[in-house]
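Working notes for the structure below.
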Amino acid sequence: MAHATVDAPSSPGPGRTGTGGNPWLVLLAVSLGVIMVMLDGTVVGIANPVIQKDLGASLADLQWVTSGYLLALAVFLITAGKLGDLFGHKRVFLIGVVGFALTSVGIGFSAELAEIVPGVTPVGALIGLRVLQGLFGALLQPAALALLRGAFPGEKLNQAMGAWGAIIGLSSAAGPIVGGVLVEKVSWESVFFINAPVGIIALVMGIFLIKEPRTQTLARIDWAGVVLLSGAMFALVWSIIKAPEWGWGDSKTIGFLAGFAVLIGLFIFWQSRAKQPLVPLSLFRNASISIGVVLMTMVTFAMFGAMFFLGFFFQGVHGLSPLDAGLRMLPMSAGMIVASPLAGFLLGRLGPKITMTAGLLITALSMFLMSQLSIDATFVDTSIPFVLLAFGLSPVFVGATEIIVGNAPIELSGVAGGLQQSAMQVGGALGTAILGAVMAAEISTKLPGYLGPAAQAIPPEQMTLLEKAAAFGGLPEGTPEQLVQLVGPAANNAFMDGMHLAFLVSTAVALVTAGLALLVKSGRKTEGAPVHMG
């Protein structure tokens, strides 16, 4: 097979950047765009109960509000990164900003749109716009990372990624609080309307502060690669989302996973033959990039899979309001504001191997401490593992992002950013689904024991409903008070056992990932080295 060789651009000299603008202003501009995505991700969960009441949404509808967004994001990320590599990351980033802001406003007017468009319900309009929002979010994230890659010289990329992590930590910390205030004091629509002013500021700053050099557009896009990869990602993420409902051994789950295996195999074969491949396989010849993708997948598996249950723990078992639950999570998000710049500094001084391994060991300790939380855990009890988790995860997120995007040739930085974001989405979806199944199985095992002799009087169908309710940290509204007194404590105890087991599994995953981090090598591909493109 013939290989086309492209000379990567040389590193920017002292005082110069690949984008031609002030690198820290570029960081601020792209961060504003991604803050919209981060805020949206944290406030939707808080808004869901109000959306359910206001629009008459079913549980399946609410799942689609999240799953439709996740599917669009995961399926389109790598393709979006490639579009930035071909047509300019600034252009793609600005399109993403405008599209994300407009779809956010549209979501706020879902009820009004349903009155205008025949045959469309308010919930249907909301779900459709959430899918569009996911597509525009996919344009934003790889482009932002690629713009940072071009703006900062190699020796300062760690600092940039650390500052990037701090900004994301700040937006994550603000999300639950801002969302809780808006939902309680204004309306659920306001949590989406807030993206409009943020988007306008990001657009203006992006236009004037990001000065990307003219991009040479390749002759064509690898549409066959786009179709194969999109189909493979859809089959994988869809099977993960539906597996808890269908069952992991169900023929539909196995069928979608088999479809993923076939499509990803065809995609890899095609990429080795295409003249201008969507994802040049040469990227994975760099061991640090390959290991970085695996690390990002595994650490988000542990984090998002386990952290998913904390909202139910705080609101279901403890009975906290959405705002109070957000405040309980504040120590972790606030900790990342401090930990992320520190991680960037340590990565520059100690290298990724030591820093990331230490971070993963701290993450494992934090997960273990959370597996020991009691049913009446205080703010201090949860704050200690949360702060540890912030200082454990920050070196991993900053380091893995830097070794994936930083080791890629600059003309493939968009694809590398898409790989990084895809690894996060797939890892988070896998963790939520698999640890959810682990937790559900533990609850099913332990609940009858906590109920004692009363379990014999409960019909099997009713017991199944109680197990599902326990997995969400409590019994549904409207449950008769007599049943609440009988079943409530048992459901809470079973939930705690399931949550403890999920955190122990996450502890083991973090320890295994720490071993993989020892294989990461310091150093970055020389910018002027030839790059094989196929």
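Evaluation of the side-chain hydrogen bond (donor to acceptor under 3.5 Å, both in side chains) rule for Gln133 yields Asp40, Ser104, Arg130 as partners, not counting sequence neighbours.
Note that OG1 of Thr355 and CG of Leu350 are 4.5 Å apart. Values are rounded to the nearest 0.5 Å. Atom CG in Asp381 sits 11.0 Å away from atom CZ in Phe386 (nearest 0.5 Å). Note that the CD1 atom of Ile362 and the OG1 atom of Thr357 stand 11.0 Å from one another [nearest 0.5 Å]. Note: Thr363 OG1 to Met356 CE = 10.5 Å, rounded to the nearest 0.5 Å. Atom OG1 of residue Thr79 and atom CG of residue Leu139 lie 10.0 Å apart, to the nearest 0.5 angstrom. The distance from atom CD1 of Ile268 to atom CG of Leu263, rounded to the nearest 0.5 Å, is 11.5 Å.
Residues Val198 and Met36 share a closest heavy-atom pair of CG1-CG, 3.5 Å. Shown here for Leu389 and Met367, the closest heavy-atom pair between the two residues is CD1-CE, 4.1 Å. Smallest separation of non-hydrogen atoms from Gly359 and Val396: C-CG2, 4.3 Å. The two residues Gln271 and Pro277 have their closest heavy-atom pair at OE1-CB, 3.2 Å. The heavy-atom pair separating Ala232 from Ile264 by the smallest distance is CB-N, 3.9 Å. Closest of all the heavy-atom pairs between Pro331 and Ser383 is CG-OG, 3.5 Å.
Ring orientation note: the planes of Trp238 and Trp246 are nearly perpendicular, at an angle over 60° on the 30°/60° scale.
When Glu442, Met439, Met370 are each tested for a side chain to side chain contact (heavy atoms under 4.5 Å, CB included) with Met499, only one passes: Met439.
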How far apart are the C-alpha atoms of Lys353 and Leu518, what are their side-chain angles, what is the distance that settles it, and do they pass the side-chain contact (heavy atoms from CB on, under 4.5 Å) test?
CA-CA 5 Å; Lys353 181 185 297 185; Leu518 293 172; 4.3 Å; yes

Hey, mind stepping through Ser230 and Met233 against side-chain contact (heavy atoms from CB on, under 4.5 Å) and telling me if it holds?
CA-CA 5 Å; Ser230 298; Met233 292 297 293; 6.0 Å; no

Evaluate Leu28 against Trp24 for side-chain contact (heavy atoms from CB on, under 4.5 Å), listing each step before the verdict.
CA-CA 6 Å; Leu28 179 59; Trp24 295 104; over 6 Å; no

When you look at Leu388 and Phe368, which way does the side-chain contact (heavy atoms from CB on, under 4.5 Å) test go after all the steps?
CA-CA 11 Å; Leu388 282 174; Phe368 177 76; over 6 Å; no

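Leu393 has its side chain out of reach of Leu360: every pair of non-hydrogen atoms, C-beta onward, lies at least 4.5 Å apart. Residues Val293 and Ile404 form a side-chain contact, since some pair of their non-hydrogen atoms from C-beta on lies under 4.5 Å apart. Here the side chains of Leu266 and Trp270 are not in contact, with every heavy-atom distance at 4.5 Å or above. Leu73 places a side-chain heavy atom less than 4.5 Å from the side chain of Gln141. Side-chain contact between Leu209 and Val26: absent, with no pair of heavy atoms (C-beta onward) separated by less than 4.5 Å. At least one side-chain heavy atom of Leu77 sits less than 4.5 Å from a side-chain heavy atom of Pro142.
Side-chain atoms of Thr513 never come within 3.5 Å of backbone atoms of Leu295 as a donor-acceptor pair (strictly under, hydrogens ignored). Looking only at distances, a side-chain donor or acceptor of Ser239 sits under 3.5 Å from a matching main-chain atom of Leu236. Between the side chain of Thr507 and the backbone N or O of Phe503, at least one donor-acceptor pair lies under 3.5 Å. Of the possible donor and acceptor atoms, one in the side chain of Thr382 sits under 3.5 Å from a partner among the backbone N and O of Phe379. Without hydrogens or angle criteria, Thr300 side chain to Thr297 main chain gives a donor-acceptor distance under 3.5 Å. The closest donor-acceptor contact from the side chain of Ser394 to the backbone of Phe391 lies at 3.5 Å or more, if one exists at all.
Every pair passing side-chain hydrogen bond (donor to acceptor under 3.5 Å, both in side chains) that includes a residue from residues 495-505 is listed here, sequence neighbours excluded: Tyr450-Asp497. Under the side-chain hydrogen bond (donor to acceptor under 3.5 Å, both in side chains) criterion, the residue pairs touching residues 365-374 are Ser374-Asp376, with sequence neighbours excluded.
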